[in-house]
Number of protein chains: 2
Amino acid sequence: MSKELSTEEKIREAAKNVFIAKGFDGCTSREIAKAAGMNVALVNYYFCSKKQLFKLVFEAVLEDFMLSTVEVFRKNLSLESKMRIFIEREFEFLTSHPDIPRFILSELSRGDKCEFDHAGILDKIASTGVFEELLEAQEKGVIRKIDLTNIMLLIMSNCHYPFMAKPLMKYLNNLSEEQYQERLMLQKQYVTEMLIGYLFNPKTNS
Amino acid sequence: MSKELSTEEKIREAAKNVFIAKGFDGCTSREIAKAAGMNVALVNYYFCSKKQLFKLVFEAVLEDFMLSTVEVFRKNLSLESKMRIFIEREFEFLTSHPDIPRFILSELSRGDKCEFDHAGILDKIASTGVFEELLEAQEKGVIRKIDLTNIMLLIMSNCHYPFMAKPLMKYLNNLSEEQYQERLMLQKQYVTEMLIGYLFNPKTNS
DNA sequence: AATTAATTTAAACGCTTGTTTAAAATTGTT
DNA sequence: AACAATTTTAAACAAGCGTTTAAATTAATT
């Protein structure tokens with residue numbers, strides 16, 4: 001389906017896959033061109049340089065990643081329901097794109113590669129109203145009074161890491177692919193229970 | 001202090017720092033040699049190839065990382081105390097070596113670089129008696145009956161990820177270094193409370 | 001149909017890569 | 001002091017890198 005991709009789009013798409021799988025340093029322009037079924041020179045014809053192509057791809061991936069699931073918070077549901085659905089969708093997204101968290105954190109941590117535009121992302125997240133809703137819930141005593149950065153970190157830790165740690169887990173525990181996937185789906189339940197249990201009903205625990 | 005390192009050790013040490021900072025693909029043999037204050041040819045004189053030097057360094061780092069904190073479980077303390085101390089020490093270790101989790105997961109996920117020896121690691125962890133202790137505690141109803149893989153994943157997620165996500169957190173939330181460090185220390189408390197609260201006293205919640 | 005513009009190609013550019021070589025310097029041994 | 005073994009060096013190697021060039025091909029315009 002959809003063979004009607006332009007040369008530029010084919011290269012961008014191939015670059016995304018190759019960059020995510022191997023990292024900026026781990027692949028070559030020729031590899032990207034070959035994956036796109038194109039001549040090497042076309043990479044620079046359309047994108048000037050490997051670096052610039054990477055910047056474009058990275059920013060798109062980061063935005064997709066950060067915004068794809070946060071839309072739940074626009075819905076008219078209880079905060080707890082939204083949180084549950086959010087975690088559910090994070091696991092869904094990561095099941096289709098398990099390499100993205102590692103890709104983003106790896107590339108971001110060797111940041112001298114190029115300067116990334118990220119100004120808009122937090123604003124777009126904020127536009128869903130998550131932050132206000134969380135702050136309000138804190139004032140009402142519905143959820144624990146913790147800095148939003150820490151809440152983000154708690155949720156992201158428990159959603160992203162299980163996918164990032166796949167090779168470590170698989171071989172430390174000698175797991176087959178099926179066994180790992182099984183633990184992953186269990187992990188989703190545990191993580192949801194744990195996070196909801198900790199963040200909500202703060203009076204019972206602290 | 002301790003200038004009495006042999007050439008071989010100097011290269012190994014420099015290689016460790018450079019590999020952790022930039023990854024296997026992100027650095028060159030010449031860079032490692034320069035960091036060690038040595039000639040390029042010495043790298044291969046002592047270690048045959050960049051790949052083999054990497055393998056040596058990686059295996060040492062992985063073993064250090066996995067075993068450094070698990071020793072707590074040999075002590076004669078309650079399981080909950082050990083768990084608290086373990087998390088405390090994980091955060092301690094990671095404060096000194098914040099780049100190691102990302103290094104390990106990154107390099108492991110592009111595993112074609114070379115085959116790693118990992119046979120001994122799980123056995124060494126097992127030799128502390130953690131696993132038996134956890135299983136016993138589960139039988140006694142002290143902690144939640146969850147596969148040990150998932151328990152490991154819960155703890156590692158909440159300890160490793162906050163350090164791996166530093167660049168993402170710093171710029172998504174426009175945090176200064178001090179602000180980030182502050183959140184990190186708070187995160188340690190939250191993570192401890194959350195994990196202990198979830199894993200122990202399973203009857204109250206499920 | 002002729003001409004111009006946009007796309008694609010194969011080949012080459014200079015440079016860096018990991019690795020090797022062979023000579024120089026150092027150390028150890030008799 | 002003379003010799004042998006080890007360690008270190010500078011230089012070179014082919015191969016691969018990102019990028020550029022200039023010609024060939026295709027598409028668009030007149």
Side-chain angles (χ1 to χ4, degrees), chain A residues 2-61 103 106-107 110-116, chain B residues 2-61 103 106-107 110-116:
Chain A
S2 75
K3 276 187 179 179
E4 328 170 26
L5 286 175
S6 72
T7 299
E8 193 178 336
E9 290 166 327
K10 277 187 207 167
I11 294 174
R12 204 204 309 273
E13 203 59 29
K16 193 175 88 177
N17 295 332
V18 176
F19 278 141
I20 289 176
K22 306 218 194 183
F24 179 84
D25 293 327
C27 72
T28 68
S29 301
R30 284 172 176 82
E31 195 177 352
I32 293 171
K34 183 175 262 184
M38 300 292 165
N39 188 288
V40 208
L42 287 174
V43 172
N44 283 9
Y45 177 74
Y46 283 105
F47 299 98
C48 296
S49 70
K50 184 192 177 190
K51 218 170 186 174
Q52 183 154 324
L53 173 56
F54 178 79
K55 188 180 171 183
L56 238 64
V57 165
F58 181 86
E59 284 172 359
V61 169
F103 169 67
S106 286
E107 301 297 341
R110 295 197 294 285
D112 52 298
K113 228 154 276 158
C114 44
E115 305 295 301
F116 300 116
Chain B
S2 76
K3 276 187 179 178
E4 328 170 27
L5 286 174
S6 72
T7 300
E8 193 179 335
E9 291 167 328
K10 276 188 207 166
I11 294 174
R12 207 205 309 272
E13 203 60 29
K16 193 175 90 178
N17 296 331
V18 176
F19 278 141
I20 289 176
K22 306 218 195 182
F24 179 84
D25 293 327
C27 74
T28 69
S29 302
R30 283 170 176 81
E31 193 176 354
I32 292 170
K34 183 175 264 183
M38 300 295 163
N39 188 289
V40 208
L42 287 174
V43 173
N44 284 9
Y45 177 75
Y46 283 105
F47 299 97
C48 296
S49 70
K50 183 191 178 190
K51 219 171 186 173
Q52 184 154 323
L53 173 56
F54 178 79
K55 187 180 170 182
L56 238 63
V57 165
F58 181 85
E59 284 172 0
V61 169
F103 170 68
S106 287
E107 301 296 342
R110 295 197 294 286
D112 53 298
K113 227 156 278 159
C114 43
E115 307 295 303
F116 299 116

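In what follows, chains are A, B, ... by sequence order, proteins preceding strands, each numbered from 1. Atom set for the values below is all heavy atoms of this structure, side chains included, hydrogens, waters and symmetry mates excluded.
At whole-Å resolution of the value, CD in Q52(B) and C1' in dG18(C) are 14 Å apart. For the pair K50(A) NZ and dC17(D) C1', the computed distance is 9 Å after rounding to whole Å. Following rounding to the nearest Å, K34(A) (NZ) and dT9(C) (P) show an atom-to-atom distance of 14 Å. What separates CZ of R30(A) from P of dC13(C) is a distance of 14 Å, to the nearest Å. When rounded to the nearest whole Å, the span between OH of Y46(B) and P of dT19(C) equals 18 Å. For the pair N44(A) CG and dA22(D) P, the computed distance is 16 Å after rounding to whole Å. To the nearest angstrom, P of dT19(C) lies 13 Å from CD1 of I11(B). Residue L42(B) contributes atom CG, which lies 13 Å from atom C1' of dT26(C) at whole-angstrom precision.
Among the nucleotides dT20(D), dT8(C), dG18(C), the one closest to any side-chain atom of A41(A) is dT20(D). For T28(B), the listed nucleotide lying nearest its side chain is dG18(C); candidates were dG18(C), dT19(D), dT8(D). When each of dT8(C), dT19(C), dT19(D) is scored by its nearest atom to the side-chain atoms of S49(A), the top-ranked nucleotide is dT19(D). Distance from the side chain of N39(B) is smallest to dT9(D) among dT9(D), dT6(D), dT19(D). Set against dT8(D), dT19(C), dT19(D), the side chain of Y45(B) has dT8(D) as its closest nucleotide.
As judged by a 4.0 angstrom heavy-atom cut-off over every strand, V43(A) is placed among residues making no nucleic acid contact. Nucleic acid contact for F47(A): none, since no nucleic acid atom lies under 4.0 Å from a heavy atom of the residue.
If you look at F54(B) and F19(B), their ring centroids are closer than 6.0 Å.
Although no hydrogens or angles enter the test, the distance criterion places no donor-acceptor pair under 3.5 Å between the side chain of E8(B) and the main chain of Y46(B).
In the model, Q52(B) has no side-chain atom that pairs as donor or acceptor with a side-chain atom of S49(B) under 3.5 Å.
The side chain of T7(B) contributes an N or O atom lying less than 4.0 Å from OP1 or OP2 of dT8(D).
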